[in-house]
Amino acid sequence: MDFSYSDEQRMLADTLERLVADSDSVGDAAPITLWHTFAELGLLQLPFAEHVGGLGGDGIDVTIVMQAFGRGLVREPYVAGLLLPGTLLARLANSAQRERWLSPLLGGEYRMTLAWQETAARYDAHAISTRARRQADGWVLDGSKQGVMAAAAADALVVTARLDDGLLGAFLVPNDSRGLARRDYTTLDDRTASDIQLTGVLLPHDARLGDDASDTLDAALALGRAALCAEAVGAMQAACDQTLAYLKERRQFGAPLAGFQVLQHRMVDMHLNLEQARSMAILAATSLERPAGERDYRVSAAKAYCGEAARFVAEQAIQLHGAMGMTEECRISHYARQLIMFDHHLGDVDHHLEIVSERLTAA
Amino acid sequence: MNLDFTPEEQAFRREVREFLAAELPDDIRERVRLGRRLSADDHLRWQNVLSRRGWLAAGWPREHGGPGWGPVERHIFDEESASAHAPTVVPFGVSMVAPVIMKFGSEAQQRHYLPRILANQDWWCQGYSEPGAGSDLASLRTRAVRDGDHYIVSGQKTWTTLGQYANMMFCLVRTDPEAKKQAGISFLLIDMQSPGISVRPIVTLDGAHEVNEVFLDEVRVPVANRIGEEGQGWTCAKFLLTHERTGIAGLGHAKQALRHLKTLAGQIRHRGRPLLELPSFRQRMVKAELELMALKVTHLRVLASARDGAVPGAVSSLLKVRGSELRQELSELTRRALGPEALPFFPGFLYGDEALEPERAEYAAAGAQYLNRRKLSIYGGSNEIQKSIVAKTLLGM
Ligand SMILES: Cc1cc2nc3c(=O)[nH]c(=O)nc-3n(C[C@H](O)[C@H](O)[C@H](O)COP(=O)(O)OP(=O)(O)OC[C@H]3O[C@@H](n4cnc5c(N)ncnc54)[C@H](O)[C@@H]3O)c2cc1C
């Protein structure tokens, strides 16, 4: 057992610390200015296997990146725009498809996202009703996707669709395809997302990635969830640090707020939630190579746990700042928004509790 | 013991309900229902309707032009208003400064200000908090120096709700810097158009402009605008705070929010079944339901003793704590029920007149509203402060 970082991981953490410190993004809705820096630093290659052009990083490497992004409120879509579509491409694409789409994605020249979520299916990635029909010269896609993150800036989308034979397909759909209509909006956590309508979208044969995409989709979502947990831990850490600093600095009734026992205990509870969430995020990140059932059990447990912890930390961070915590100007409110909306990405507490609960067995 | 409303009270409820159905303008009802912010004009339009009916000043006695309702009628009115999606009456004039003027103001002041409040001629705001004086309100530093028939007031107020619309502010100022903290404070009514006043918006985390900073730079305020004696401001302030806390449990709103949540949880589907059937979600809804049931009875107990002449005192602190917790929980469950639909943020629709697709409009406010409801445990005396009051005055700790 070893909870320490390797030398390389320490260097990665230092690099990210500097990057994040230099690029404060508070106030901008989803700036994309850092993406090329990510490419230069190798962050876009980091999480993928070497034989597909990646650097062979593991779950903990991703955790290091995401924690830093969480602390620094970095809004670039590292999960939605890289980890999710990248995993599907890396594991399903043939070499020609990899050459065409994965290489430029990892090089930072081509932007992508994954369109998996549908209104009627809520957070269930498999209960979808988007259809892909085979025809002589390729495929036709019909259906709609909801809350597709970072879709407006993407060159192409990986879209999941059900085939006539019941298999789950993953298709590469250029963003400017005929029959694709996007409704773009910003989100409460200062990102961009879109609802997407697909009406008779025609695709060539080679737009389909691999065969059945079910297991790969689960693997991609597990990685995405572990990454989001790490991001939330980074944001919780920052929210705790800033709240503690505020309690020490703010004086009422002739004394620092930090002197009031009620607030001390509350601060301790925040810290406790942070540390427990950190443990769960580590557990998720180190379970990604386990068999799917075990992996998903742990990842769901982590996502549910971190969701509750993030909400507690966010709500208390605002409360302990008083009215100041309610303002756009105060950084704490940005962490709070991120921590609250964390629960709405890739399945919320209820969704993941149900998964854990279904698999929980009597001893 | 009997928890039922009397036949007269039930008849009154029907009367209120019919009035709301007939008189509340549809566009305002729809804005409130969808959680969109009202313009100053929307507020005034509705308050003018209430004023004409004689129901604007719900808590006022008859002698000052109120309807002479008791606490039970007021409760019924609040509940029905929330169910009908009527706007909440902006409290600063009618429910905050007016009781202070009635209790501590001179006859001339009462004759001048009270009818203007009844007729919606003044928009009041509350100038209590300062950057350095929040929970510890008595440490406020805005100075008022006597100069003949005037005070010269300098300092800063903050978190001033809807100050951007106000033409009058009731304000706590320090008239005697030598006296003990509370003793040096006076209660002034300040014309917001006076030279030396500037109002700056504060944007909150839900993107709304609800609160403001108010800067006072050598503002001349007639001594005649002081309520009560010099140095009696703290007594006025404390009196007002107890008024602010009654009704702050927001029971009507909680009831309405729970009803809305039940509708959503019945409509939204999770794995092919209504969300209502998902055990972890259902259990939290059930808990909220029980909390509301208990709070309703606790509230009725407080109302009954108020009707019989008791002063609510620290019990209203209990109502405020539990009521705000419940409303916050309901806003959390509503946001959560919406799942991915709670992510989008449409400020132009919520705070302005931008149009939105009807199916989006139904859900658009939930996320921002959850964030906005964080204020319930901060303002009007934070929940921590309320608990300290209960510990001290009710439990003698
Ligand atoms: C949306 C909104 C609208 C408002 N509108 C108005 C308005 O119109 N007019 C106006 O005058 N004011 C208004 N306020 C201000 C409000 O009254 C103050 O926010 C409130 O009094 C708390 O003060 P503070 O924000 O400075 O927090 P602080 O007093 O700095 O408190 C910060 C935290 O410390 C806690 N705390 C402080 N002292 C203690 C203690 N002794 N023991 C334990 N815990 C403690 C508090 O509970 C809080 O959690 C508004 C506030 C909000 C959020």
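Convention: sequence-line order gives letters A, B, ...; per-chain numbering from 1.
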Between A:M324 and B:W159, is there a side-chain heavy-atom distance shorter than 4.5 Å? yes
Heavy-atom contact with chain B under 4.5 Å, split by part of A:L353: side chain
Main-chain N/O of B:K375 paired to A:Q319 side chain as donor or acceptor, under 3.5 Å: no
I'd like to verify something: which residue of B:T158, B:N372, B:D206, B:L278 has the highest number of heavy-atom pairs under 4.5 Å with chain A? B:L278
Here the pair of heavy atoms bringing B:I378 nearest to A:M326 is CD1-CG, 3.9 Å
Side chain A:R337, main chain B:L205, donor-acceptor under 3.5 Å: yes
Could you go through A:E118 and B:R269, starting from their C-alpha distance and side-chain angles, then the distance that decides it, and tell me whether this counts as salt bridge (charged side-chain N to carboxylate O under 4.0 Å, His left out)? CA-CA 12 Å; A:E118 298 185 7; B:R269 302 191 86 73; over 6 Å; no
Distance-minimising heavy-atom pair for B:S135 and A:F253: O-CZ, 3.4 Å
Checking an interface table here. Which of residues 340-350 of chain B come within a heavy-atom distance under 4.5 Å of chain A? B:P340, B:E341, B:A342, B:L343, B:P344, B:F345, B:F346
Do you know the tightest heavy-atom contact between A:D343 and B:R336? OD2-CD, 3.5 Å
In terms of heavy-atom proximity below 4.5 Å to chain B, should A:Y123 be classed as side chain, backbone, both, or neither? side chain
Out of A:D350, A:D189, A:T187, which one racks up the most heavy-atom pairs below 4.5 Å with chain B? A:D350
Are A:E354 and B:R273 within salt-bridge range, i.e. N to O under 4.0 Å? yes
What part of B:A208 gets closer than 4.5 Å to chain A, counting heavy atoms only: side chain, backbone, both or neither? neither
B:K181 NZ: over 12 foreign heavy atoms closer than 6.0 Å: yes
Pair count under 4.5 Å, heavy atoms only, with chain A: among B:S139, B:G339, B:P279, B:S280, highest is B:G339
Let me know if A:A193 has heavy atoms under 4.5 Å from chain B in its side chain, its backbone, both or neither. neither
Does A:R359 have more than 12 heavy atoms from other residues, nucleotides or ligands lying within 6.0 Å of its CZ? yes
What residues of residues 209-216 of chain B make heavy-atom contacts with chain A at a cutoff under 4.5 angstrom? none
Got a sec: does the CD of A:Q261 have more than 12 other heavy atoms crowding it under 6.0 Å? no
I'd like to know whether CE of A:M267 has more than 12 heavy-atom contacts from other residues, nucleotides or ligands below 6.0 angstrom. yes
Can A:D195 and B:R360 be counted as an ion pair, charged N to O under 4.0 angstrom? yes
Under 4.5 Å heavy-atom distance to chain A, tell me which part of B:L275 shows up: side chain, backbone, both or neither. side chain
Identify which of B:R284, B:Q328, B:K387 forms the greatest number of heavy-atom pairs closer than 4.5 Å to chain A. B:R284
Would you mind checking which part of A:T119 comes under 4.5 Å of any heavy atom in chain B, side chain (CB onward), backbone (N, CA, C, O), both or neither? side chain
Look at the side chain of A:E329 and the backbone N and O of B:I202, then say whether any donor-acceptor pair between them is shorter than 3.5 Å. no
Honestly, the part of B:L371 sitting under 4.5 Å from a heavy atom of chain A is both
Would you call B:R271 and A:E358 a salt bridge, taking side-chain N to carboxylate O under 4.0 Å as the test? yes
Just verifying a value: how many Å separate B:S377 OG and A:Q316 CD, rounded to the nearest 0.5 Å? 8.0 Å
Return the option, out of B:S129, B:G132, B:G272, B:A138, with the maximum number of heavy-atom pairs under 4.5 Å with chain A. B:G132
Would A:R122 and B:I268 count as a side chain to side chain contact (heavy atoms under 4.5 Å, CB included) here? Give the steps. CA-CA 9 Å; A:R122 202 167 163 87; B:I268 291 170; 3.4 Å; yes
Against chain B, work out which of A:D124, A:L263, A:V262, A:I340 has the most heavy-atom pairs shorter than 4.5 Å and name it. A:I340
With chain B, the option among A:A121, A:G322, A:A314 that has the most non-hydrogen atom pairs under 4.5 Å is A:G322
